[in-house]
Protein chains: 2
Amino acid sequence: MKRVTLEEVARVAGVSRATASRVVNGASSVDESLRHAVQKAISSTGYLPNIAARSLVTRRAAAIGLLLPDEHRMNGDPHLASVVSGVTRVVRPLGIHLVLMMTGPGTRAQAMSDLRCGRLDGVILVHTDPADPVPGQLIAAGLPVVLAGRPLKPMPITYVDVNQTEGAALAGRRLKALQCRRIATITGPQDTPAGQDRLAGFLAEVPDAVVVHGDFTRQSGITAMEKLIRCCPDVDGVFVASDLMANGAIPVLHRSGRKVPDDVAVVGFDDSSAALTSEPELTTVRQPITDMAAEMARQLLRQITEPRSPATAVVFEPSLVVRDSG
Amino acid sequence: MKRVTLEEVARVAGVSRATASRVVNGASSVDESLRHAVQKAISSTGYLPNIAARSLVTRRAAAIGLLLPDEHRMNGDPHLASVVSGVTRVVRPLGIHLVLMMTGPGTRAQAMSDLRCGRLDGVILVHTDPADPVPGQLIAAGLPVVLAGRPLKPMPITYVDVNQTEGAALAGRRLKALQCRRIATITGPQDTPAGQDRLAGFLAEVPDAVVVHGDFTRQSGITAMEKLIRCCPDVDGVFVASDLMANGAIPVLHRSGRKVPDDVAVVGFDDSSAALTSEPELTTVRQPITDMAAEMARQLLRQITEPRSPATAVVFEPSLVVRDSG
DNA sequence: GAAGGGCGTGAGAGCGCTCTCCCAATCCTG
DNA sequence: CAGGATTGGGAGAGCGCTCTCACGCCCTTC
């Protein structure tokens, strides 16, 4: 199994290496007969371009990174497969590799090195810690980055997000439409944009809602719901800011003798797998994760091809998925 | 922001490029003072080796692929984050990239190309379709591959798996210990090794168990359980061959007026997130996914460094996680 | 004190590709 | 039909790195 080089293809086709290269890269100006000869040579020799060599001269790695939080935080996030799928869809046809990096000590530094030494053309940052200095460093260095989700502090960085505020409002309208009279919400962490926006959007729609805080974890959903039915026993509608929390909260309602949705309507957020493994299945706010991921990839590619293009924010509209819980 | 090359480092350190290279790659025989000078030059210039150039001459991409089934099948699998995490743990300290590829039309062919043109040093195959010819082609071509899970047909390929048979036996013993008298199992698909082994292992322990077939999906768990309580109403213990199916099956029991675990004990398999989002939480058979993934990475690396090393099977022992369902 | 053996170092040849010249051939225009 | 404009193709210079090879130095040994 010997390696076939462009040189060999050229020899077989009876042209120069330059012309063979033109054909491989689809350059315009090659005579049709020569193009044909080269293509025949390529398939007869089984030629595959050596990416390392190409990368060395073009200074493109043809690879992008996906920076994820560590396993633990990720387990709460049901979206990994969808994100990967969306990015892949855009990136694969271009022959670009998707490199996964999970946060650990030094991961982000590693990603920066990979970017700077040309091993990665750009990165998508998921679930970035608001205090993380890396996004700032990256944009300062003019390196292509896209954030999943609005950054906590406004900064000139491209990001893709769902309209969290509107999603929460959707949930609020649903509960009102169900004639709920005593409405509450279990929030996400208030030091994250998603947590903030979902609360704000919900309050805009249901200003007198009872507010209990959670942190997006299932356990916090349990605790918050226990607190809620203690302090507000007549609650009949609750917007839980993540499906995972809702999944924890519903059994608490059941144990307290309340039926879902008859006594208490529950609306979640995310349309994650937890929405389907809940009993009853969750009515929830859906984010088009795969499409959003694809858009992140597109935005990143744009930045790679046009280095100095301005930061953009792309915001997707959420939708309400009505199931059995409310 | 200009690129620093080894040439420049060498100039700053007052040595030749060769010596600088030796220091970068930790070669032994370099005089201590020169080594120091080079190291100082490296940090003062902020040198980062260009992987493409290195890769071109060493013929190593320093990247491995993780081939996954498509999003749809993946959603059923809760393990993606754990697998990535385990592989990353082994691979990152070595500066090796993990490239994710999701199955789609042509993905596997793409992976083969990447392997053959030296863009990937090896691949880990997850959830391979038994009919897929790719694993066979890869080993025939002598390319480094590791399978997640035993192949359906015996073949000379390295794989890492959990002792499925023993795991199912663990579940059987648990149900017997709980004094269940009428025991059943909801199986996985019988055209997969995992589906087969879990049934065989369970039957070895509980030969007179009632068998209802499922296919690992949540919906099939619902259907199977409905069938089970119809044809065998006095069932008081059931081993469901995946947590996701168990998650669907338990509400069926509840709706039929049976309490879990009081009337019917349920034991699942996987210890996936579905085990925790079930109500009550699932007693289940745990696979050490992260460790298994790490082992896959190690096996792959071994194959990469020792191309003709023999195929190995590494089998991990499962454990029973006792929670509330049985 | 001369000859032999290490060991550390430098020179230089590539790895396979792209891309910029530059030249030759063709086409158009006056 | 001559001159310029246009176009396609080839030669060759690198991209940044590793690694072989040969050389020089120092230490040993007789």
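Throughout, a chain's letter reflects where its sequence line sits, starting with A, and its residues are numbered from 1.
Rounded to the nearest 0.5 Å, atoms CD1 (A:I96) and CD1 (A:I304) are 6.0 Å apart. Atom CD of B:Q299 and atom CG of B:L301 lie 9.5 Å apart (nearest 0.5 Å).
Distance CZ (B:R3) to C1' (D:dG14): 15 Å, rounded to an integer number of Å. Rounded to whole Å, atom P of D:dG16 lies 7 Å from atom CG of B:N50. In this structure, B:I51 atom CD1 and C:dC17 atom C1' are separated by 18 Å, rounded to whole Å. Rounded to an integer number of Å, the gap from A:R116 CZ to D:dG16 C1' is 17 Å. Rounded to a whole Å, the CG atom of A:L56 is 9 Å from the P atom of D:dC17. Between B:R60 atom CZ and D:dT18 atom P the separation is 14 Å, expressed in whole Å. Rounded to whole Å, atom P of C:dC27 lies 12 Å from atom CG of A:D31. Summarising the geometry, the separation between CZ on A:R59 and P on C:dC17 is reported as 18 Å, rounded to the nearest angstrom.
Across the helix from C:dG1-D:dC30 to C:dG30-D:dC1, the helix axis at one end is tilted relative to the axis at the other end by 40° (nearest 10 degrees, each axis from five pairs).
The base of C:dG10 lies close enough to the side chain of B:R22 for a donor and an acceptor atom to sit less than 3.5 Å apart.
Looking at A:R35 and A:T19, their side chains never come closer than 4.5 Å, going by heavy atoms from C-beta outward. For the pair B:L6 and B:S21, the minimum side-chain heavy-atom distance is below 4.5 Å.
Side-chain nitrogen and oxygen atoms of B:S21 include none within less than 4.0 Å of the OP1 or OP2 phosphate oxygen of D:dC17.
Applying the salt bridge (Lys or Arg N to Asp or Glu O under 4.0 Å) criterion to B:E7, with sequence neighbours excluded, gives B:R17.
Checked for salt-bridge contact, A:D291 and A:R89 meet the test: a charged N lies under 4.0 Å from a carboxylate O.
Within a heavy-atom distance below 4.0 Å of DNA chain D, the residues of residues 11-18 of chain A found are A:V15, A:S16, A:R17, A:A18.
Comparing atom distances between the B:A53 side chain and each of C:dC15, C:dC17, D:dG16 picks out D:dG16 as nearest. Among the nucleotides C:dT18, D:dG9, D:dC17, the one closest to the side chain of B:L6 is D:dC17.
Checking side-chain atoms of A:R60 against main-chain N and O of A:L120 turns up no donor-acceptor pair under 3.5 Å. Of the possible donor and acceptor atoms, one in the side chain of B:T158 sits under 3.5 Å from a partner among the backbone N and O of B:T312. A donor-acceptor distance shorter than 3.5 angstrom exists from the side chain of B:D121 to the backbone of B:A61, with no hydrogens or angles considered.
Within the 4.0 angstrom heavy-atom criterion, only backbone atoms of the sugar-phosphate kind lie near B:L34; the bases stay farther away.
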